[in-house]
Structures are given as C-alpha cells and as structure tokens.
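In what follows, a structure is listed as structure tokens, so that the remarks can point back to it.
Below, read A as the first sequence line, B as the second, and so on, with proteins coming before strands; counting in each chain starts at 1.
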Protein chains: 4
Amino acid sequence: MFSKFFNLEKEKQDRIINAAIKEFAQKGYDNASTNEIVKEAGISKGLLFHYFKNKKQLFFFLFDYCYNVVADEFYKKVDLTERDFFKRIRQAVQIKVELQTKYPDILTFIQEAFMQDSAEIKVEFDKKKQELTAVNINIIYEGIDLSKFRDDVDVQKVLKIISWTFEKMSDEELLKAKMLPNHKIDYDKVFLEAEEYFEIFIKGFYNDGGK
Amino acid sequence: MFSKFFNLEKEKQDRIINAAIKEFAQKGYDNASTNEIVKEAGISKGLLFHYFKNKKQLFFFLFDYCYNVVADEFYKKVDLTERDFFKRIRQAVQIKVELQTKYPDILTFIQEAFMQDSAEIKVEFDKKKQELTAVNINIIYEGIDLSKFRDDVDVQKVLKIISWTFEKMSDEELLKAKMLPNHKIDYDKVFLEAEEYFEIFIKGFYNDGGK
Amino acid sequence: MFSKFFNLEKEKQDRIINAAIKEFAQKGYDNASTNEIVKEAGISKGLLFHYFKNKKQLFFFLFDYCYNVVADEFYKKVDLTERDFFKRIRQAVQIKVELQTKYPDILTFIQEAFMQDSAEIKVEFDKKKQELTAVNINIIYEGIDLSKFRDDVDVQKVLKIISWTFEKMSDEELLKAKMLPNHKIDYDKVFLEAEEYFEIFIKGFYNDGGK
Amino acid sequence: MFSKFFNLEKEKQDRIINAAIKEFAQKGYDNASTNEIVKEAGISKGLLFHYFKNKKQLFFFLFDYCYNVVADEFYKKVDLTERDFFKRIRQAVQIKVELQTKYPDILTFIQEAFMQDSAEIKVEFDKKKQELTAVNINIIYEGIDLSKFRDDVDVQKVLKIISWTFEKMSDEELLKAKMLPNHKIDYDKVFLEAEEYFEIFIKGFYNDGGK
DNA sequence: GATGAATGAGTGTTCATTCAT
DNA sequence: GATGAATGAACACTCATTCAT
C-alpha cells in the first residue's frame with residue numbers, strides 16, 4: 001500500500017514522518033496543516049499527496065507506523081511469563097516510561113491520537129482504538145495467575161478497576177505536566193505513587209490481603 | 001453581561017442555544033461553524049454576533065449556561081446528609097442518569113466540552129475545568145464518614161480509585177452507546193453493574209469487608 | 001435641516017457631537033464606527049439614524065458644526081485692520097494655537113477631516129474644502145499692504161510661498177507630535193521658529209530687505 | 001523573499017501588480033479589497049495569498065516595487081554634478097514629470113501611499129517614509145553650492161522653503177487635475193510656473209539677487 | 001519522481017442601515 | 001422620541017487537494 005513511500009530514500013521518509021508526527025501531535029488532526037508538514041519536511045505540496053492520497057490516509061499511516069514501533073519494542077521487553085498481575089503492570093509502567101524517554105515525539109503523538117475526536121476520522125479511528133485496546137487487554141491478562149485474587153469477588157471487574165486506576169493516574173500525570181510551564185514528568189515520583197496503589201490493591205483484592 | 005440575549009423572546013433564545021449546543025457537541029470547538037449555528041437557529045449572521053462578541057464568548061456562555069442547568073438540578077437532588085461514600089456515589093450516578101435522560105443534548109455538550117482541547121480556548125477553559133473539578137470534589141467528599149474504611153490503607157487514594165472507576169465505567173458505557181446504531185443506554189444494566197463494583201469496593205476497602 | 005437634532009436637550013446633543021468628533025478624529029471617516037459613537041454617546045443605534053439619515057450626513061453636519069465654532073471665534077479675534085502681511089500671519093498662527101488649546105478635539109477633528117480621502121465622501125468634501133480655502137485666502141489677503149513687497153517679483157506668488165511655508169511647518173510640527181509618545185507640541189518653540197521664517201521672508205521679499 | 005512571485009510568468013505578475021496598484025491607489029490601504037484585486041487580476045483568492053502572506057505584505061511589496069522602479073530611473077537621470085540648487089531642483093521636477101507620464105499609475109500609487117494613514121500599517125510605513133525622505137534629502141542636497149545663497153539668512157531654512165514650495169505646487173497641480181473631468185496636467189504650464197518661482201527665490205535668496 | 005501554481009468554498013467577524021415596537 | 005433586534009453583504013485569510021509541467 002505504501003510501498004511507493006517506502007521506496008523513498010530513508011532520510012526523506014524520516015523527514016516526512018517526523019514533520020507529520022510533530023504537526024499532528026501539536027495541533028491535533030483537524031488543525032494540523034499539510035502546508036506546515038511539507039514546509040517542515042522540505043518537500044513539495046504535490047509530493048505529499050503523491051504518497052498519501054489525502055490527509056486522513058497520512059494520519060492513519062502515521063498512527064500505524066508509530067504504533068508498530070512502540071508495540072514491537074514493548075512486546076519485546078515485557079516478560080509474559082511473569083504471572084503476577086501487579087508485577088506485570090509494574091513492568092508495563094516501567095517500559096512505557098522507557099519508551100517515553102526513547103521516543104518522546106512518537107509517544108506524544110500516540111497519546112494525542114487516542115484523544116483525537118475529529119469528525120473526519122472518528123468512525124474509523126474509534127474502531128481501530130477499540131481493536132487495539134481489546135488486543136492489548138488480552139495480552140496483558142494472558143497467563144495471569146488469578147488464583148492470587150480473593151475468590152469472593154468478580155476477578156474480571158477487579159482487573160478492570162486496576163487497569164482503570166493506572167490509566168487515570170497516567171492521564172492525571174500527563175495533564176499536570178501539560179499545565180506546568182516546563183512540561184516535565186518526574187518519573188520517580190510516579191513510580192512511587194504507583195507502588196502505593198499496588199499495595200492498596202493487594203491489600204484489598206489478594207487473598208489474605210496479600211500476606 | 002448577557003442581559004441583551006436574555007431579553008430576547010424565550011423561543012428564539014432556545015433556538016440559538018440549541019443550535020449552538022448541537023454544533024459544538026457534534027464538532028468540537030474548532031470545527032463548530034457559526035455559519036451552521038445561525039442556519040440551524042434560523043437567524044442572520046449578524047444577530048449572533050450582536051449577542052455574543054465572538055465564538056469564544058458564545059462557547060463560554062453556553063458552557064456556563066449548560067453547567068448551571070445541570071449543576072443546579074444535581075445539587076437540588078443530591079442528599080448531602082448521606083455520610084456513606086458508596087450510597088453517596090450511588091446517588092450521584094443515579095442523578096446523572098436522570099439528567100442524561102432529561103437533558104441529553106446538554107449533557108453531551110458538557111461531556112464533549114470537558115474533552116475539548118482547542119488552542120483558542122485552552123488556557124481559559126482549563127482553568128475553569130480545574131476550578132469546577134475542585135469544587136465538585138469538595139462537595140462530593142464533604143461529610144463523608146471515613147471511619148468505615150479500613151485504616152491500613154490511604155483513604156484518599158481509595159477514594160480516588162473509586163471515583164475513577166465510576167468515571168471510567170461511565171465513559172465506557174457512553175462509548176459503547178455511541179458505537180451502536182441506536183445510541184441507547186440501558187440504564188438498568190448500568191445500575192446493576194455499578195452495584196457489583198460497589199460490593200467489590202466494600203469488600204476490599206471497608207472494615208471487615210463491610211460486614 | 002437639523003432642527004430635529006437641535007431641539008434635543010443640549011446635554012444629549014453634546015454627548016452625541018463629542019462622541020462623533022472623537023471617533024471620526026481618531027479613526028478617519030471610513031474606519032469610524034457608528035456603533036462606537038452610539039456606545040460612547042450612550043444612545044441607541046436607532047436614534048442616531050433618526051437625526052442623521054446616514055453616516056455621511058452625520059460627518060458633514062459635524063464638520064460644518066466644528067468649522068463654524070472655530071471660524072467664528074477666529075474671525076472675532078483676528079484684526080483685519082492690520083495691513084502688514086507678516087503681522088497678520090503671526091496673528092493667525094497665534095489664534096490657531098489658542099483655539100488648539102481651547103478646543104483640542106474640535107481642531108484635531110478638522111485637521112484630520114482635511115486630510116480625509118475616503119471615496120465615499122471625496123467628491124462632496126473636496127468641493128467644500130476648495131470653497132473654504134478660497135474664502136479664507138481672500139480674507140487673509142484682504143487689505144494687505146502689498147507696497148511693502150519688492151516690486152520686481154510677483155507678489156501673489158510670494159504670498160503663496162509664505163502661506164505654503166507656514167502650512168508645511170505646521171504639518172511638520174503636527175507629524176512630529178504624532179510620532180512622539182506624549183503627543184505634545186511645544187508652542188513656544190514653534191513661535192520662535194516661525195519668527196525666524198518671518199525674518200527670512202522679510203529679508204528676501206520686502207523692499208530693502210525690510211529695513 | 002518574493003522569489004516565488006517573480007517566478008510566475010511575467011504577464012500574470014503584471015496583471016496582479018497592476019490590479020493591486022489600481023485598487024490601493026483608488027481606495028487607500030484600508031478600503032482596498034483583496035477581493036477586487038483578484039477579480040481584476042483574474043486569479044483566485046487563494047493564489048494571491050499563496051504569494052503574499054497577507055494584505056500588509058502585499059502593500060509593502062507593491063510599494064517597494066513601485067518605489068524602486070521610479071527611484072532607479074530617477075537617479076539614472078538626475079545629474080548630481082550640477083551644484084546649483086535651482087538647476088538641481090529644476091531637473092528633479094522635470095524628471096518627475098517624465099516619470100508621471102511614463103508610469104502614471106505607479107506614481108499615483110506612490111503619492112497616495114505617502115498620504116496613507118491606516119492604523120494597520122502606520123508604524124511600519126511611517127518608519128519607511130522617514131527613511132526614504134532622509135535618504136532623498138541627503139542626495140538632493142549633496143554637493144550643492146551653498147555659497148551662492150546670501151549669508152545673512154539660515155540656508156537650511158531657505159532650502160526648506162524652496163523644497164516645500166515645489167512640493168505644494170506639485171500637490172496643487174495634482175489636486176487641480178483630479179478635480180477636472182479629464183485629469184490632464186498641462187506640464188508646459190507647470191514648468192513655466194516653476195520657472196517663475198525659481199526666479200523669485202533667486203532674487204530673494206541668492207547673493208546680490210542672483211546677479 | 002517531483003514541483004508548486006491554482007482552486008474556491010470555507011472561516012469568524014464587522015458594518016451601516018432599517019423598522020416594529 | 002427612542003429602542004435595539006435584525007439584516008446580509010462584505011471583509012481578510014486558510015485549506016486540502018489537483019494537475020500541468
């Protein structure tokens with residue numbers, strides 16, 4: 001599909017991808033300007049539309065590209081033999097932080113993309129989001145040792161509570177960072193806070209309060 | 001400030017408000033078109049800007065108007081003498097559902113507004129969001145009987161977990177509804193599900209598992 | 001013609017006139033906004049157009065009104081029995097400065113009006129300007145003792161040179177004042193400079209260099 | 001900066017430039033309509049803003065372009081080795097008339113531009129005007145033989161008087177031409193009149209009346 | 001493959017003027 | 001006399017996309 005694009009010299013590919021990521025991440029889908037992208041990438045207007053038939057296609061290409069980069073690396077690093085749910089989540093958080101440091105633009109782009117709500121891409125993108133979420137949840141839960149959870153509660157719901165908590169915590173941290181002038185996340189503090197939530201969950205939802 | 005607008009005949013006020021709510025809710029701040037609003041409201045271009053000096057002011061007016069409508073009704077209905085946190089949350093969910101049924105457009109608008117991220121309104125709107133959130137959290141937690149919670153965990157964090165869970169549950173329900181063709185939420189099912197989460201939390205976080 | 005307007009209570013007349021003078025003086029004909037005028041004057045949109053059938057008529061009314069105020073006072077003060085041209089001009093400059101101090105807004109308005117160039121009022125206003133200029137030149141030259149001028153030059157041209165010089169000097173002073181932040185004219189310095197030009201002219205164009 | 005524009009086919013460049021000159025000259029900066037310009041030039045709305053990022057930039061481009069055209073030609077024609085002030089001024093008037101005949105629209109535009117007073121361009125344009133005026137005055141006075149002037153007067157002021165006179169004469173001629181239906185200036189008559197002013201100045205301000 | 005000129009409907013906003021009350 | 005709601009054409013400017021070269 002994008003073989004034309006991938007036949008380009010690597011350096012130009014990168015210029016285009018980086019320019020587009022930057023623009024979409026900063027301004028969101030609707031307000032991202034193809035003009036800015038070509039200017040930043042140093043290519044002509046026509047060329048962009050030679051490789052991508054329209055803005056929407058460019059966005060979806062970009063999303064898939066970015067998603068693959070981080071997902072590949074994520075699944076390479078995560079240890080799926082770890083059967084304890086909290087250790088698994090802890091890993092996930094850790095890897096996410098590493099990726100954030102290694103590919104800051106890409107992660108910002110993905111995060112912003114997930115919050116995108118433009119009418120033009122809504123239907124297609126919501127579908128994609130749901131699929132990805134479903135896949136990830138399956139993987140995250142795969143092989144988890146559920147026997148550690150108390151058996152008088154619905155484990156599925158407990159897992160949801162836990163996942164949601166970490167999502168919300170992450171959102172809040174992101175939001176706080178955005179508000180501040182220097183936009184810096186203190187990852188050590190985040191980890192510490194996460195640990196406290198872990199303990200609470202273990203106390204509340206593991207057999208014998210995790211003892 | 002908007003006394004000019006409120007002196008208009010009620011019916012025309014409503015046409016304008018409804019048209020604007022609809023447009024902003026559907027397309028978000030940036031993509032909402034004042035052209036569409038006037039067309040839908042059946043008024044002239046000039047009139048809209050006779051009452052609201054610009055799009056931003058219209059948006060903030062609309063938000064305040066909508067927020068007041070639902071907040072007033074919410075606080076009229078909520079029983080702040082109820083000191084049990086779960087009963088209080090249960091009330092809140094119940095009232096929210098009622099409001100959703102009574103003012104579906106207004107609630108959609110408010111929810112979308114909270115997810116808005118347009119550069120043009122960002123600073124002002126973020127401030128407003130923060131203020132409202134702070135106020136609401138204070139009220140929601142006011143007078144809550146914290147002695148029911150187990151004392152070996154940080155109650156503040158537990159409260160956060162609980163709030164987040166219901167927010168996420170609500171988001172998920174909304175999203176599911178949006179995906180379906182008929183956009184209908186089965187509130188009875190939602191309630192039932194919420195009850196199950198209540199039980200889990202009580203078991204995990206109340207003294208003696210709530211017994 | 002404007003009897004309707006003049007039957008208004010004096011105080012309201014003044015509010016309207018002052019608001020309009022201010023707006024036209026500040027922004028020029030085209031950019032002056034009738035909205036601003038009514039807001040400043042504290043009257044309704046409709047009322048302005050009740051008294052003046054349109055913006056153009058308001059402008060011409062205003063100009064005539066202002067012109068009459070200053071012209072009346074000017075001709076009351078000027079001593080037309082003074083037959084020496086330079087003394088006469090010196091008087092004129094002096095009176096102009098006095099008027100500038102007494103009616104700063106009105107004089108600013110008139111000066112700006114003379115520089116107006118809007119297509120909408122061009123034809124009519126140019127005609128008026130020419131008429132006024134013609135009348136004034138006649139009066140300024142009336143009874144002047146031309147015998148003091150050397151007889152080997154065309155006196156009419158000399159008079160023009162002199163008038164032009166003082167006009168340009170005045171323009172330059174005005175412009176300089178506009179450039180500066182505090183917009184203040186140092187009239188004493190202007191007088192002194194004018195005197196130096198007087199001397200030059202007397203040396204160059206009076207019999208025996210004015211001795 | 002405007003290389004994009006200059007790469008256009010010459011004929012289209014000219015259509016755009018001429019249309020813009022005409023519109024700005026006729027209506028002034030504020031009232032000139034980019035809509036009219038594109039209509040007259042036979043191009044699309046978008047194209048104009050493809051070449052010029054906004055109305056202001058278009059105006060300044062146009063001014064510089066026009067100014068350069070006439071300034072280049074002016075300085076090619078003027079003889080700066082002529083040290084007599086009046087001969088130099090005579091040359092200037094003559095060349096100006098030639099340029100007026102050769103590029104009537106351009107000269108009209110420049111003259112109107114110098115009288116422009118729009119708030120939007122005020123600051124920048126005033127600065128430019130001042131710079132140009134300073135440069136021109138330097139050149140015009142460069143190498144002038146001041147020893148011919150009588151030494152009992154301030155030569156600088158005399159030079160001002162002379163310059164102002166020719167400016168005013170030129171303004172008056174222009175105005176007269178504008179009033180008439182056919183807008184034609186009789187240059188021969190203007191020259192003759194100018195000569196008479198020369199003589200007056202020589203008599204009044206040269207040593208021994210220029211004998 | 002690569003360019004960038006060209007499009008035209010779209011945006012929010014302002015304006016003098018009218019007219020029913 | 002006095003109000004201010006109402007109009008709609010006009011404004012400068014942006015945009016994703018096309019296409020001849």
Side-chain angles (χ1 to χ4, degrees), chain A residues 4-5 7-9 12 30-39 42-59 120, chain B residues 3-5 7-9 12 16 30-38 42-59 120, chain C residues 4-5 7-9 12 30-39 42-58 120, chain D residues 3-5 7-9 12 29-38 42-58 120:
Chain A
K4 259 199 294 183
F5 178 73
N7 283 337
L8 260 179
E9 32 176 334
K12 204 180 235 179
D30 282 321
N31 285 87
S33 157
T34 53
N35 264 328
E36 286 303 311
I37 293 171
V38 300
K39 212 185 294 171
I43 59 165
S44 75
K45 208 78 211 287
L47 197 55
L48 187 72
F49 288 93
H50 181 67
Y51 291 119
F52 306 99
K53 82 170 202 270
N54 53 33
K55 192 183 178 180
K56 204 202 263 190
Q57 207 197 53
L58 168 62
F59 177 80
E120 213 175 322
Chain B
S3 52
K4 255 201 291 183
F5 178 72
N7 284 339
L8 260 181
E9 30 176 337
K12 200 176 248 180
I16 295 173
D30 282 325
N31 284 84
S33 158
T34 53
N35 275 333
E36 286 303 312
I37 293 172
V38 301
I43 59 167
S44 74
K45 208 75 220 289
L47 193 56
L48 186 71
F49 289 95
H50 183 63
Y51 292 116
F52 306 99
K53 81 171 203 277
N54 53 34
K55 191 183 179 180
K56 203 202 260 190
Q57 204 199 53
L58 168 62
F59 177 80
E120 215 176 320
Chain C
K4 260 199 293 184
F5 178 74
N7 284 337
L8 261 179
E9 32 177 335
K12 203 179 237 179
D30 282 320
N31 285 85
S33 157
T34 53
N35 264 327
E36 286 303 311
I37 293 172
V38 300
K39 211 185 292 170
I43 59 165
S44 74
K45 208 79 211 286
L47 197 56
L48 187 72
F49 287 93
H50 181 67
Y51 292 118
F52 305 99
K53 81 170 205 271
N54 53 32
K55 192 183 178 180
K56 203 202 264 189
Q57 206 197 53
L58 167 63
E120 213 176 322
Chain D
S3 52
K4 256 202 290 182
F5 178 72
N7 284 340
L8 261 179
E9 31 175 336
K12 201 177 248 182
Y29 181 82
D30 282 324
N31 283 84
S33 159
T34 53
N35 275 332
E36 286 302 313
I37 293 172
V38 299
I43 60 167
S44 74
K45 207 75 221 288
L47 193 57
L48 186 70
F49 290 95
H50 183 63
Y51 291 115
F52 306 98
K53 82 171 203 277
N54 53 34
K55 191 183 178 178
K56 205 202 259 191
Q57 205 198 54
L58 168 62
E120 215 175 321

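Residue B:Asn7 contributes atom CG, which lies 14 Å from atom C1' of E:dT21 at whole-angstrom precision. Distance OH (D:Tyr51) to P (F:dT14): 16 Å, rounded to an integer number of Å. What separates CD1 of C:Ile37 from P of E:dT14 is a distance of 17 Å, to the nearest Å. Distance B:Phe52 CZ to E:dT14 P: 15 Å, rounded to the nearest Å. One can place CZ of B:Phe59 at 16 Å from C1' of E:dG12, the figure rounded to the nearest angstrom. One atom, NE2 of A:His50, and another, C1' of F:dT21, lie 15 Å apart when rounded to the nearest Å. Summarising the geometry, the separation between CD on D:Gln57 and C1' on F:dA12 is reported as 14 Å, rounded to the nearest angstrom. The separation between B:Ile16 atom CD1 and F:dA6 atom C1' is 11 Å, rounded to whole Å.
Considering all non-hydrogen atoms of both residues, C:Asn35 and C:Val38 come closest at O-CG2, 3.1 Å. For C:Glu120 against C:Asp30, the heavy-atom pair with the smallest separation is OE1-OD1, 4.1 Å. C:Gln57 approaches C:Phe52 most closely through the heavy-atom pair OE1-CA, 3.3 Å. Closest approach of D:Asn54 to D:Phe49, counting heavy atoms only: CA-CE2, 3.8 Å.
Of all nucleotides present, only E:dA6 satisfies the Watson-Crick or G-U wobble test against F:dT17, with each distance under 3.5 Å. The partner of E:dG12, taking Watson-Crick or G-U wobble pairs whose two distances both stay under 3.5 Å, is F:dC11.
Counting any heavy atom pair closer than 4.0 Å across all strands shown, A:Lys12 reaches sugar-phosphate atoms only and no base atom. Heavy atoms of C:Phe5 sit nowhere under 4.0 angstrom from any nucleic acid atom. At a threshold of 4.0 angstrom between heavy atoms, the contacts of C:Leu8 are confined to the sugar-phosphate backbone, with no base atom among them.
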Could you please spell out the steps behind the side-chain contact (heavy atoms from CB on, under 4.5 Å) verdict for C:Leu58 and C:Ile37? CA-CA 11 Å; C:Leu58 167 63; C:Ile37 293 172; 4.1 Å; yes

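D:His50 has its side chain out of reach of D:Ile43: every pair of non-hydrogen atoms, C-beta onward, lies at least 4.5 Å apart.
DNA chain F is contacted by both C:Lys4 and D:Glu36; C:Lys4 maps to the nucleotide lying nearer its 5′ end (nearest heavy atom per residue). The 5' end of DNA chain E is approached more closely, in terms of each residue's nearest nucleotide, by A:Leu48 than by the other of A:Leu48 and D:Leu48.
Atom-to-atom distance recorded for C:Asn7:CG and C:Lys4:NZ is 10.5 Å, nearest 0.5 angstrom.
Nearest nucleotide to the D:Ser44 side chain, out of E:dA6, F:dT3, F:dA5: E:dA6.
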List, with names and distances, any nitrogen or oxygen atoms from the protein found under 3.5 Å away from nitrogen or oxygen atoms belonging to nucleotides 15-18 of chain F.
| unit_1 | atom_1 | unit_2 | atom_2 | d |
| --- | --- | --- | --- | --- |
| F:dA16 | OP1 | A:Ala32 | O | 2.9 |
| F:dA16 | OP1 | A:Lys55 | NZ | 3.0 |
| F:dA16 | OP2 | A:Thr34 | N | 3.2 |
| F:dA16 | OP2 | A:Thr34 | OG1 | 2.9 |
| F:dA16 | N7 | A:Lys45 | NZ | 3.3 |
| F:dT17 | OP2 | A:Lys55 | N | 2.7 |
| F:dT17 | O4 | A:Lys45 | NZ | 3.0 |

